[in-house]
Structures are given as C-alpha cells and as structure tokens.
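Comments concern the structure below.
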Amino acid sequence: MTHSFALHIPDADLEPEALDPGQIVSGRPEVTGKVVWESPDGRQIRGIWQITPGVVTDTEADELFVVISGSATIEVEDGPTLRVGPGDMAVLRAGDRTRWTVHETLRKARHQSLRKPIPEGARTVLQAVTRAARKG
C-alpha cells in the first residue's frame, strides 16, 4: 500500500504462511499473516501475524509487536521469559532464539526490521510455498 490507511486488525483476512515442521515442538500450530506495507528494499515489514495453539521454536528478526488477541509465553534463550496477551507490546532482537508456547490463538500487529533484504529469488520461493499451502 502506498497511501495512509487504517485497518481493523481483529477482522482482517489473513493468508496461510508456511511453518517449517522442524520448528514445531508440540501440537499442530498453524500460521497466517498479512503484510500491509513493505519498504522498497524489503528490510522493513509491517503487518499482522497469527498462530494457533502449540509450541514452536524460532530465531527472531528485530521486531516490535502488539498483541491484539490470544496469549503466549515466549522463552528467550539466555534471556527473559515473556508472557504476552491482549494490549501487551514486546520487542525481540535479531538472533534471539525463542520457544513460543501459544496458549490461545495469538494475533499480533508487527513491525519487523530485517538486516538484509529478502533476495528476490527467495521471495519468489516464499510466495510459491505460501500459495501451495493455501491450496492444501
């Protein structure tokens, strides 16, 4: 989107996103999301992200997010344990290794800063995987 806009996050339609099976510790979590703005160089992303209950691991990018609904406990390796729910803001640092225990489907508004832009070829592959996930 190139103009200013407003979006009601709780009702926003989200698209399925790929979740590496190697990240799933327990449960059957599913991820959906929507990018509402991306910088021309691909280093800044603003959007909505949602995950259903389960336990997953991740290596984080620089991210600031606000929880809209749901709850989770985020254990940061060699760092704090964050308990987040509606109205909470959290900041994750690039390289943080985390373990997310999602108690209730969590929806967040997020701003992510990537150190390197996603290469065009990788972006094309990511888009293809996301389309394939939608088709089931």
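One is the number of the first residue; the rest follow in order along the sequence. Quick caveat, the model's predicted, so the values are computed rather than measured.
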Could you grab the distance from atom OG of Ser113 to atom CZ of Arg93, nearest 0.5 Å is fine?
-> 14.5 Å

Keeping the roles fixed (side chain from Asp41, backbone from Arg43), state whether a donor-acceptor pair exists under 3.5 Å.
-> yes

Backbone of Ile9 reached by a side-chain donor or acceptor of Arg107 within 3.5 Å = yes

Does Asp62 reach the main-chain N or O of Ala94 with its side chain, forming a donor-acceptor pair under 3.5 Å?
-> yes

Kindly indicate, with the supporting measurements, whether the criterion side-chain contact (heavy atoms from CB on, under 4.5 Å) is fulfilled by Trp100 and Thr57.
-> CA-CA 6 Å; Trp100 290 66; Thr57 60; over 6 Å; no

Taking atom CG of Asp20 as the centre, report whether more than 12 heavy atoms of other residues, nucleotides or ligands fall under 6.0 Å from it.
-> yes

Quick one: does Gln50's side chain get under 4.5 Å of Thr105's, heavy atoms only?
-> yes

List the atom of Val84, the atom of Ala90, and the distance in Å for their closest heavy-atom pair.
-> CG1-CB, 4.3 Å

Stepwise, does the side-chain contact (heavy atoms from CB on, under 4.5 Å) test hold for Val36 with Leu7?
-> CA-CA 9 Å; Val36 298; Leu7 179 64; 3.7 Å; yes

Asp11 atom CG, over 12 foreign heavy atoms within 6.0 Å = yes

Minimum heavy-atom distance between Pro16 and Thr32, given as atom pair plus value = CA-CG2, 3.9 Å

Can you name the nearest heavy-atom pair linking Val102 to Ala72, along with the distance?
-> CA-CB, 4.0 Å

Got Glu17 and Trp49 here, is their nearest side-chain heavy-atom distance under 4.5 Å?
-> yes

Which atoms form the tightest heavy-atom contact between Arg99 and Val55, and what is the distance?
-> NE-CG1, 3.7 Å

Linking I/L/V/M/F/W/Y whenever their side-chain heavy atoms sit closer than 4.5 Å, directly or via other members, would Val31 and Ile24 fall into one cluster?
-> yes

Rounding to 0.5 Å, atoms OG1 (Thr98) and CD1 (Ile74) come to a distance of 7.0 Å

Counting only heavy atoms not in Glu30, do more than 12 fall under 6.0 Å of its CD?
-> no

Indicate yes or no: at least one non-hydrogen side-chain atom of Thr101 is less than 4.5 angstrom from one of Glu75.
-> yes

If you take all heavy atoms of Ile48 and Ala12, which pair is closest and at what distance?
-> CD1-CB, 3.6 Å

Would you indicate whether the side-chain heavy atoms of Leu114 and Ile45 approach each other to under 4.5 Å?
-> yes

On a heavy-atom basis, the closest approach of Pro10 and Ile68 is CG-CG2, 3.9 Å

So, do Gln23 and Pro21 sit near enough that their side-chain heavy atoms are less than 4.5 Å apart?
-> no

Taking only Lys NZ, Arg NE, NH1 and NH2, and the carboxylate oxygens of Asp or Glu, determine whether Lys108 and Glu63 approach each other closer than 4.0 Å.
-> yes

Below 4.5 Å, heavy atoms only, C-beta onward: do Ser71 and Leu106 meet side chain to side chain?
-> no

Test side-chain contact (heavy atoms from CB on, under 4.5 Å) on Gln44 and Trp37 and set out the steps.
-> CA-CA 8 Å; Gln44 305 287 319; Trp37 179 86; 3.5 Å; yes

Go through Thr73 and Thr81 one step at a time and tell me if the side-chain contact (heavy atoms from CB on, under 4.5 Å) criterion holds.
-> CA-CA 7 Å; Thr73 302; Thr81 295; 3.4 Å; yes

Are side-chain heavy atoms of Leu92 and Phe65 found at a separation under 4.5 Å?
-> yes

